[in-house]
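Here's the structure, in structure tokens; my notes come after.
Just so it is clear: chains get the letters A, B, ... in the order the sequence lines come, proteins before strands, and each one is counted from 1. Computed from a predicted model, the values in this text were never measured in an experiment.
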Protein chains: 2
Amino acid sequence: MDSNTDTGFMNSSDYEQIINDLKADSTFCEYKFSPSEITDYVKMEDVADSTDEHKLVIAYSPTCTLPCTDSYPGPYNFELMLDGSTSHKRSWVYSEMLQKVFIDINKTLLIQFRLSPNAGDLRVRALPVYSIADFLNIPVQRCALHMLNSDPQHQAHSEDNKVCYCANYSWVRHVVQSSHAAAIYDYDSASDRHSVVVPLDSPQPGSETVVVAYHFTCKTSCPQGMQRRPISVVFTLETSQGDVVGRQCLSVKICSCPKRDKEREEADNPLSEGWSMLDTCTKPKKRSSDHKYGSSKKSKQDNNHQIKAVNQLDQKKYDDIKSILMALCEQIGLLAENQNKLMEMIARMEDSQTKMIDALLQMLRQSS
Amino acid sequence: MDSNTDTGFMNSSDYEQIINDLKADSTFCEYKFSPSEITDYVKMEDVADSTDEHKLVIAYSPTCTLPCTDSYPGPYNFELMLDGSTSHKRSWVYSEMLQKVFIDINKTLLIQFRLSPNAGDLRVRALPVYSIADFLNIPVQRCALHMLNSDPQHQAHSEDNKVCYCANYSWVRHVVQSSHAAAIYDYDSASDRHSVVVPLDSPQPGSETVVVAYHFTCKTSCPQGMQRRPISVVFTLETSQGDVVGRQCLSVKICSCPKRDKEREEADNPLSEGWSMLDTCTKPKKRSSDHKYGSSKKSKQDNNHQIKAVNQLDQKKYDDIKSILMALCEQIGLLAENQNKLMEMIARMEDSQTKMIDALLQMLRQSS
DNA sequence: CCTTGGGGCATGCCCGCTTA
DNA sequence: TAAGCGGGCATGCCCCAAGG
């Protein structure tokens, strides 16, 4: 308690110390996404095989209309990690609290995929989906404005959206893209969803993970595109036959100020209570979103009406009036001030008078 | 002091009364744009005729690269007016202080044109220009996003922008449009400017003005379009031969919250200082922005604008303002008077208090 | 219940300060 | 001096209360 000069809980240097200690531990340098629970998809697949294969393949497609977003490590213990040290804070940040990446548009996000046991001939599909249930069935699409750059004539898709020529137009409709040389850009005409599939190479010597570079080509806020609806990226581990043998999901917000927005969302998060205590102790509460300009509005509006004609005066007249106004304002200020003082004075006098009268009455009673 | 419950200066009903009085005066019902000063364009035209006509016709084109924005009533005393009563506040408002219209996108703005003497076979061209000098030479164009609606394939213009097919695509590149049946949409390939020309019909019986309905198809803030750069609309009165015989200019901001934005810009305007003090006395200072195209830089420019506009004032408005000022002075007089009364009251109270204390003391002495 | 207006938030963008 | 950061503004849009 000695050096805690503030509210005594934990001061900022303590806090930094702790954070630094944590960071020194290499396992904390990476944000791990480990399996949460085994879903029952294996069972479902069994059912599928026993009935109508074609129908069920569609139902199971990772890019179907209602894609599954459940975490599913599967037989390869599929997991993904982010290395916070690979980015300038400017480009992207990860919120542990929200399990969410905040990233600027078109900035590279390196994602590490880990398989154990490792295996060849597997691929990872990245598919963006809206994380709000209401929109989960809607494909995440690029906004018109951003598409204009690569495809001004709107030629990347056929009229009926059955065929996708995005590849000829810088993958214009793919919100999630990868710079991986062998990336395959996929389009599911049934669900109208675009996704990108990257073959998982073997880990580099000495490494346990395979790194894939992704970037996002629209902002979450893009009008006519994602329209501020939060999204996640579903990463599915697939065999060369397209069977899903693993899945991990990552919330993403693509925005101009990742750091600011992360902080805001964390502050708004009810879970933050505990965490925020850490630094709330050392500085005033951030936002309470309870501004009130209230009463001033009206008078201001009236004011504007008054000013109405002022503008059109010729300079001389304008100056005259302005000086009068300034003088008037000054007068009013003084008067208002004086008046407040006077009122106070009167209040005080009344108070003391009351007391005096009381005292007087008491005395009178005593003396009588 | 009786009914003035606030700071005692002038209560809102008093104030409204004054404003209403002003509004009762018909000249205050309409915002007039009257001639400021005769520009020297007539002279320039003479010069033109005496030299190379073709070259100079280009130079004088109202849609040239650097369009003239000076007010020029010309031989017909061309002026324009807005009738504030024709709009829901929601659609548009006019700021007399800023001489600027704030209007929502695609909302109808009725503009009254007045000619005296009246004449047939004249037309009015409406051309949007950036009001900041840095951008005056750049044509005001629609944003890509809004153009997509009417012309998804970008076919309204030929590759080299020499030919304009906007007419086939709902005049897709015209920011300023008119619902007038005989409106002619013009394109100047030399400057790449779009404008709309409307024939001035004769005034309806009993009216002195011709009303034309305009609307704006992009917001001033549109990305890749106007990009928050403030604009004006230049209205040029033209003969059937295309000679300019009059000009008036109107600042416009196309936005989602016209009322709010008007109030903000007015509050930021240095001219409002004096008036704002009126209620600053009772509440803290508002805001002091300094953004790129917005307030502060513009305010410098506006000063010139003001000086120019200032000459436009007629005695009537000056007198009206004077009467407001007189009313203010009177109010201050009353306030001062009240203050004197309060002082007297206090003096009397002090006096009686002193007496009471004396009496009290005397009683104490007697009783002891 | 539908319309209208006000208030407030979300978020892109800009500016000026700071630091390497 | 250039890049990064923090701070602030501008502005579209959503929500909610109030009035027809």
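- The separation between A:Asn106 atom CG and C:dG12 atom C1' is 15 Å, rounded to whole Å.
- Protein atom CD of A:Gln227 is 13 Å distant from nucleotide atom C1' of D:dC14, rounded to whole Å.
- Closest to the B:Lys259 side chain, of the nucleotides C:dT11, C:dG6, C:dC13, is C:dG6.
- Between the side chain of A:Asp151 and the main chain of A:Tyr169, no donor-acceptor pair closer than 3.5 Å is present.
- Phosphate contact (OP1/OP2 of C:dT11, side-chain N/O of A:Lys219, threshold under 4.0 Å): absent.
- When every heavy atom of A:Ile254 is checked against every heavy atom of A:Cys218, the shortest pair comes out as CG2-O, 3.2 Å.
- Each of A:Lys100, A:Arg260, A:Lys259 was evaluated against A:Glu265; a single residue qualifies, A:Lys100, per the salt bridge (charged side-chain N to carboxylate O under 4.0 Å, His left out) test.
- At C:dT11, one or more side-chain N or O atoms of A:Lys253 fall inside 4.0 Å of OP1 or OP2 (strictly under the cut-off).
- Looking only at distances, a side-chain donor or acceptor of A:Thr217 sits under 3.5 Å from a matching main-chain atom of A:His174.
- The base of D:dG7 has none of its N or O atoms less than 3.5 Å from a complementary donor or acceptor on the side chain of A:Arg260.
- Nearest nucleotide to the side chain of B:Ser256, out of C:dT11, C:dG12, D:dC13: D:dC13.
- Distance A:Lys262 NZ to D:dG6 C1': 16 Å, rounded to the nearest Å.
- The distance between atom CG of B:Asp104 and atom C1' of C:dG5, rounded to the nearest whole Å, is 14 Å.
- Distance CG (A:Asp261) to P (D:dG7): 15 Å, rounded to an integer number of Å.
- No donor-acceptor pair closer than 3.5 Å links the side chain of A:Arg173 to the backbone N or O of A:Cys166.
- Going from atom CD1 of A:Ile105 over to atom P of C:dG12 covers 9 Å, rounded to whole Å.
- Across the protein-nucleic acid pair, B:Arg229 atom CZ and D:dT11 atom C1' stand 17 Å apart, rounded to whole Å.
- Between A:Cys257 and A:Pro223, the residue whose closest nucleotide on DNA chain D is further toward the 5' end is A:Cys257.
- The interatomic distance linking A:Arg264 (CZ) with C:dG12 (C1') rounds to 12 Å, in whole Å.
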